[in-house]
Number of protein chains: 4
Amino acid sequence: MTAPVEAPGKGTFKAANHARRRAEILDAAAAVFAEVGYMRASTSAIAARLGMRQSNLYYYFSSKDEALAEICIVALDGYIRRMTAILDGEGNFEEKLRLTLRAHLHILTQRPEHYVTFLTCRHDLPDGARREVGKITRAYEALVERLMAEGVANGEVSARCDVKFAASSLFALCHNPAIYRDGVAEDNLDRLADTIADLFLNGVVQR
Amino acid sequence: MTAPVEAPGKGTFKAANHARRRAEILDAAAAVFAEVGYMRASTSAIAARLGMRQSNLYYYFSSKDEALAEICIVALDGYIRRMTAILDGEGNFEEKLRLTLRAHLHILTQRPEHYVTFLTCRHDLPDGARREVGKITRAYEALVERLMAEGVANGEVSARCDVKFAASSLFALCHNPAIYRDGVAEDNLDRLADTIADLFLNGVVQR
Amino acid sequence: MTAPVEAPGKGTFKAANHARRRAEILDAAAAVFAEVGYMRASTSAIAARLGMRQSNLYYYFSSKDEALAEICIVALDGYIRRMTAILDGEGNFEEKLRLTLRAHLHILTQRPEHYVTFLTCRHDLPDGARREVGKITRAYEALVERLMAEGVANGEVSARCDVKFAASSLFALCHNPAIYRDGVAEDNLDRLADTIADLFLNGVVQR
Amino acid sequence: MTAPVEAPGKGTFKAANHARRRAEILDAAAAVFAEVGYMRASTSAIAARLGMRQSNLYYYFSSKDEALAEICIVALDGYIRRMTAILDGEGNFEEKLRLTLRAHLHILTQRPEHYVTFLTCRHDLPDGARREVGKITRAYEALVERLMAEGVANGEVSARCDVKFAASSLFALCHNPAIYRDGVAEDNLDRLADTIADLFLNGVVQR
DNA sequence: TATGAATGAGGGTTCATTCAT
DNA sequence: AATGAATGAACCCTCATTCAT
């Protein structure tokens, strides 16, 4: 969890290079984690993907755990902020739901492996990081539940709807494309989000 | 994949003990696999849960892989048959969908850990077994897709509905309760199934 | 090394059965030892060859080591006595050498696997048995060396001949057919012995 | 069979160290294999001989099998080439035979344990390597058989001589000193080779 | 910054052996 | 006389991690 001992000081030239390389390593790690799972991902497989040697990874990260934690944090980055903005913004339930889905799935256009890693490797985090990540996750879920609750309150959403169940179902519908597609082109994101929204809002029944 | 050489002969009355013990081991293994994942699950943790020594497991199973494969097979057992029966039976789309969900989730009342293990550890199967399990899984998915297609054909389901997307979404909605609950009491199964069916059929919108 | 605890008393009916079964087990063990070597020979492979279960072997033998030791003893049985008889008997060097080879290779017509096991698994004996077997082996070698020495003494064998080297060479020439053939038919034994004798006596040079 | 992934790049000057260490490990392994046999040779015994930890062996070799295969290859190295040169060179049968024996036994002055390991542990090779080694071995044997056949053809060798039997007997005569001596001093090699040649050519009979 | 080398801990698996029945 | 069940020790191998250079 702590930074490697000899990491360059902030603000120097070196620091920029260091940070860039760190990010590259995170990407490689996320790719391997997403493909074979955290436990099967060997540090040398990660290093090989970057053409470097295993031991050099420890110049940038103090442990494999740390890399996983950081990937999960990156994957979660901004979710709370964006979701808060959506909730505080204009629009009825349906509009906010569509915005939510776009925001939620946006990462699939940028860092799909980070998202998959978050979904599938979260449980492999060491206790401390797992609790931390869990806290953020639950806060985010709470915001989505609030969206549902607002929908119920203003009559757009059926009163029979259990907000917790609805929120977790919404997430579940997002996992599928995350895991079974290699990534999402930027121009397809909105269509994907709306497809999910349509199902979630209206179900499959013909009207 | 084959039973250990020194297992008792078939049909003897000792064979029943052997089979019972095997099943107990499978249950213990499924519990550990579901809890910490296949890779983190040590064979001695499985043995400890049964008060036996690790090496004794190999009297019943020839490898950890074999146990996983068997758990996945058990989890899949009967799905094709039951789904075929539903499709060939009476009822409109909605009725068949509700039956499908009950059949699909029924395992949660009996062997929830087997189901979770199947969902989360499938990828850890050795190549041969993974292909075999994949074949069964795809056949089952195809049946559910056929259900969707029939719904579209007779006008109960919206024509805009992509059957593949719909089928995989239905499964996704089932994963949630599987993973986040410890099991489902037999008398709650129908309610759970119907809750999912309601969402899937009509969405959350108030009408 | 000690007999199993509950072995039947000598002279009883049971004792005969017991001894017969013991011999069968020794044969099976010798076959497996000869085929894959002592270390790779599992007790269950031996049992399987007899249609019995591994644990039952321990009713007849107290350990795998004991079976090996006994096989080696059986393989050596009578060598000293027969060699002594040959040395004490009539005939010149060449005649005695041919008798020696026939006596030495005779086991190939009866228990080739015992001989091969002796040759290839001797080193796997536990210390005590190895010394015992080594003692007998050396005594036998000494007799063969005496044969060579007598040949030298009476002028039939070249005076330049090192008796130790000659004796061990004679044995070496016997190992080949032992290891590379499946066994020797009784009527071929004399021919095989004479072929080796011819080479040993006269070499390959044309005269 | 392939070198470990993280071995140093070819041509670097670190690679030389790596190769040297690899060779040291092979020597240690050969010594242990020759002493107690492949199956009884534990990797930690090999490591202990070098003052390193067992796991470090795997930085140089990917498996115990690989080390054995390499030892056998080393033991066979050059045999075909040298034997071909002898056959294609000048000299009558007797001269070529003596050259053959010197070439064959030369390894006893350099790496006796490799030779003994080859002789006694060949059967423990995994299937692929065993076939490969078997192929080389048989090719070499065929060359020695050709030598015998040439001797028969030009009248130096008795027409009654079976070339296959003669060739395998020659090898058998070489096994003895290999196995029962700790090695051969360089200046004794020729004498040893000639002793064997004398026996093989003329037998023990006084003329 | 990066590498080669080394290590300790742990895991899955095999197997001879024991013992109650 | 034979079997099912269990066990402990040993073994090969993997891997994250460390450290000197």
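Remember, predicted model here, so these are calculated numbers, not experimental data. In what follows, every chain begins at residue 1, and chains take the letters A, B, ... in the order their sequences are listed.
The pairing partner recorded for F/dC11 is E/dG12, the criterion being a Watson-Crick or G-U wobble arrangement whose two distances lie under 3.5 angstrom. Using N1 to N3 plus N6-O4 or O6-N4 for Watson-Crick, or N1-O2 and O6-N3 for G-U wobble, each under 3.5 Å, F/dT21 pairs with E/dA2.
Nucleic acid contact for A/Ser55: base, since at least one base atom lies under 4.0 Å from a heavy atom of the residue. Backbone-only engagement by A/Ala41 is indicated by non-hydrogen atom pairs under 4.0 Å involving sugar-phosphate atoms exclusively. Within the 4.0 angstrom heavy-atom criterion, no nucleotide atom of any strand lies near D/Ala45.
The residue among C/Leu57 and D/Ser44 whose nearest nucleotide of DNA chain F lies closer to the 5′ end is C/Leu57. Each of D/Tyr38 and B/Pro8 has a nearest nucleotide on DNA chain F; the 5'-most of these lies closest to B/Pro8. Remark on DNA chain E: of its neighbouring residues A/Met52 and B/Asn56, the 5'-side contact belongs to A/Met52, judged by nearest-heavy-atom nucleotide. Residue-to-nucleotide proximity on DNA chain E shows that, of C/Lys64 and D/Gly51, the 5′-proximal contact is made by D/Gly51.
For C/Thr43, no side-chain nitrogen or oxygen approaches OP1 or OP2 of E/dC15 to under 4.0 Å. The shortest distance between the side-chain N/O atoms of B/Tyr59 and the OP1/OP2 oxygens of F/dA6 is not below 4.0 Å. The phosphate of E/dA2 has OP1 or OP2 within less than 4.0 Å of a side-chain N or O from A/Arg21.
The only option from D/Glu66, D/Arg22, D/Glu24 that meets the side chain to side chain contact (heavy atoms under 4.5 Å, CB included) definition with D/Tyr60 turns out to be D/Arg22.
Salt-bridge formation is detected for the pair B/Arg40/A/Asp124: a Lys NZ or Arg NE/NH1/NH2 atom is positioned less than 4.0 Å from an Asp or Glu carboxylate oxygen.
Counting to the nearest Å, the C1' atom of F/dC12 and the CG atom of D/Leu68 are 15 Å from each other. Rounded to an integer number of Å, the gap from CD of D/Glu24 to P of E/dA5 is 12 Å. Distance B/Phe13 CZ to F/dG4 P: 11 Å, rounded to the nearest Å. Rounded to an integer number of Å, the gap from CZ of C/Arg53 to C1' of E/dC15 is 17 Å. Atom P of nucleotide F/dG4 and atom CD of C/Gln54 are separated by 11 Å, given to the nearest angstrom. Between the P atom of F/dT14 and the CE atom of A/Met39 lies a distance of 15 Å, rounded to the nearest Å. For the pair A/Tyr58 OH and F/dC15 P, the interatomic distance rounds to 12 Å; values are reported in whole Å. Atom P of nucleotide F/dT17 and atom OH of A/Tyr60 are separated by 18 Å, given to the nearest angstrom.
B/Val116 approaches B/Ala34 most closely through the heavy-atom pair CG1-CB, 3.8 Å. Between B/Pro8 and B/His18, the shortest heavy-atom distance links the atoms CD-ND1, 3.5 Å. For C/Arg53 against B/Gly9, the heavy-atom pair with the smallest separation is NH2-N, 4.2 Å.
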**Asked** Are B/His123 and B/Tyr38 close enough, and set up right, to give a ring pair (Phe, Tyr, Trp, His ring centres under 6.0 Å), and what steps lead you there?
**Response** CA-CA 9 Å; B/His123 308 298; B/Tyr38 182 73; over 10 Å; no
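Among E/dG12, F/dA5, E/dT1, the nucleotide with an atom closest to any side-chain atom of A/Lys14 is E/dT1. In this structure, the nucleotide among F/dA1, E/dA2, F/dA5 sitting nearest to the side chain of C/His18 is F/dA1.
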